[in-house]
Amino acid sequence: MSQTLRNDRFLRALRREPVDCTPVWLMRQAGRYLPEYRASRAKAGSFLAMAKNPELACEVTLQPLARFDLDAAILFSDILTIPDAMGLGLYFVDGEGPKFERPLRDAASIAKLGVPDMEQDLRYVMDAVRVIRRELDGRVPLIGFSGSPWTLACYMVEGGGSRNFSTIKAMAHGDPKALHALLAVNTDAVIAYLAAQRAAGAQALQVFDTWGGVLSPAMYREFSLPYLERIARELDRGEGADRAPLILFGRGNGAYLGDLADSGAEGLGVDWLVELGEAARRTGGRVALQGNLDPCTLYGPPEAIRREVRLALDSYRDGNGGSREGHVFNLGHGMSPDMDPEHVRVLVDEVHSHSRR
């Protein structure tokens with residue numbers, strides 16, 4: 001699927017090449033804060049029905065691009081598509097989030113897992129990627145994504161979200177062999193899933209290690225980091241101008257930025273608990289950085305949003321020896337449903353205006 005990109009500054013920034021201004025996209029940019037998204041969800045009947053319908057997934061992927069001058073689109077889907085395809089029975093409860101009918105609690109249930117067939121069990125995702133690429137028609141690049149092996153395992157073992165992750169941490173301490181078996185099959189599946197998204201048309205790939213930050217340093221280095229490194233090492237991303245860069249994003253990953261920068265990934269997502277300048281110093285120019293405005297800044301008045309955007313942009317430049325190359329602006333986590341779309345416009349416009357050469 002060869003299309004000439006009319007706006008490639010996002011991909012150029014991930015390659016740490018010069019750009020006319022800093023590119024920006026936002027995690028959960030297609031979401032409930034947009035009235036048009038809420039209308040699409042009402043039409044679909046449920047989140048899962050919308051995510052599993054390629055035409056509707058395309059519709060909501062493109063909605064924020066119709067409003068804002070964003071530099072990338074991200075596939076509308078969910079991080080839990082892989083365990084759902086493994087047969088765990090994904091469903092959603094209003095106000096509580098995702099849950100699984102058949103959580104994994106022992107080595108025997110983990111041993112039954114296999115890597116799903118990407119063009120059969122997860123064809124709806126690949127079809128969505130193909131439809132979105134066609135409809136984007138070279139306007140901006142499309143990002144595909146997956147949950148990390150550890151983050152997927154958290155939901156698969158806990159059976160849903162968790163306050164303290166006691167069930168999976170009990171497994172880590174009591175039966176680490178079983179947990180490593182789960183992480184290994186998750187890693188195989190994530191690599192296959194991202195490769196299939198790239199084959200379908202995704203031009204960049206992001207791994208969300210949302211729950212890596214709940215681990216102690218020793219546990220992170222045992223149960224999360226090695227599997228992220230394996231993805232970066234083994235995922236075929238292509239060569240040259242057609243290479244799809246890989247971004248590793250983790251909430252609470254500031255202490256591990258140096259390790260992650262050595263993984264072979266092209267970019268690292270940074271949350272708002274580390275200044276971008278400090279993140280740039282820790283990574284020493286080995287990777288592009290993505291982030292890292294505190295999402296709650298969007299609850300503030302427009303001038304406060306502009307000020308915080310400028311501080312983040314200037315912090316990156318200060319930590320990067322005065323250079324703006326290698327930075328993709330984003331939030332330090334995702335958008336929330338009660339955020340004001342007009343405040344998003346202020347953010348996007350300020351990123352471009354303040355960083356423009």
Any ion pair linking [Y] and [X] (charged N to carboxylate O, less than 4.0 Å)?
{"X": "R237", "Y": "E266", "value": "yes"}
{"X": "D188", "Y": "R230", "value": "yes"}
{"X": "D71", "Y": "R9", "value": "yes"}

Exercise. For the ring pair F47 and Y91, is the centre-to-centre distance below 6.0 Å?
Worked result: no

Problem set entry | Check: F223 ring centroid to H180 ring centroid under 6.0 Å | yes

Problem set entry | Test salt bridge (charged side-chain N to carboxylate O under 4.0 Å, His left out) applied to R307 and E350, step by step | CA-CA 9 Å; R307 181 183 67 243; E350 187 64 23; over 6 Å; no

Could you verify whether a donor N or O on one side chain and an acceptor N or O on the other, from [X] and [Y], lie under 3.5 Å apart?
{"X": "E229", "Y": "S263", "result": "no"}
{"X": "S40", "Y": "E59", "result": "yes"}
{"X": "D294", "Y": "T297", "result": "no"}
{"X": "Y316", "Y": "N292", "result": "no"}
{"X": "Q206", "Y": "Q290", "result": "yes"}
{"X": "N320", "Y": "H327", "result": "no"}
{"X": "Y155", "Y": "W211", "result": "yes"}

Flag if over 12 foreign heavy atoms under 6.0 Å of [atom1], [X]:
{"X": "E239", "atom1": "CD", "answer": "no"}
{"X": "R324", "atom1": "CZ", "answer": "yes"}
{"X": "E275", "atom1": "CD", "answer": "no"}
{"X": "D94", "atom1": "CG", "answer": "no"}

Exercise. Does the pair D338 and Y299 meet the rule for a side chain to side chain donor-acceptor pair (under 3.5 Å), with working shown?
Worked result: CA-CA 9 Å; D338 58 348; Y299 293 119; 2.4 Å; yes

[X] side chain vs [Y] backbone, donor-acceptor pair below 3.5 Å:
{"X": "T61", "Y": "A57", "result": "yes"}
{"X": "R6", "Y": "D137", "result": "yes"}
{"X": "Q197", "Y": "S146", "result": "no"}
{"X": "Q63", "Y": "A30", "result": "no"}
{"X": "T151", "Y": "T210", "result": "yes"}
{"X": "D271", "Y": "G332", "result": "no"}
{"X": "R102", "Y": "G87", "result": "yes"}
{"X": "T283", "Y": "R286", "result": "no"}
{"X": "N330", "Y": "W25", "result": "yes"}

For this session: Can you sort out the partners of D175 under side chain to side chain donor-acceptor pair (under 3.5 Å), two or more places apart, ordered by chain and number?
Result: none

Problem set entry | Pair R123-D127, salt bridge (charged side-chain N to carboxylate O under 4.0 Å, His left out): steps then yes or no | CA-CA 6 Å; R123 184 179 181 88; D127 284 345; 3.4 Å; yes

Exercise. Taking C-beta and beyond as the side chain, do M171 and V157 meet within less than 4.5 Å on heavy atoms?
Worked result: yes

When you group the ILVMFWY residues by side-chain heavy-atom contacts below 4.5 Å and let the links chain together, are [Y] and [X] in the same group?
{"X": "Y193", "Y": "V131", "result": "no"}
{"X": "W272", "Y": "L26", "result": "no"}
{"X": "V328", "Y": "V19", "result": "no"}

Exercise. If you round to the nearest 0.5 Å, how far is CG of L273 from CD of E278?
Worked result: 13.0 Å

Seminar exercise, completed: The reported gap from CG in L152 to CG in N186 (rounded to nearest 0.5 angstrom) is 5.0 Å

Exercise. Of V214, D259, L228, which is the lone residue that meets side-chain contact (heavy atoms from CB on, under 4.5 Å) with Y220?
Worked result: L228

Problem set entry | Verdict with supporting geometry, D106 and S109, side chain to side chain donor-acceptor pair (under 3.5 Å) | CA-CA 6 Å; D106 53 46; S109 60; 3.0 Å; yes

For this session: Can you label the angle between the F208 ring and the F145 ring as parallel, tilted or perpendicular, going by 30° and 60°?
Result: perpendicular

Exercise. Yes or no on salt bridge (charged side-chain N to carboxylate O under 4.0 Å, His left out) for R12 and E325, after CA distance, side-chain angles and deciding distance?
Worked result: CA-CA 9 Å; R12 291 177 63 85; E325 273 68 59; over 6 Å; no

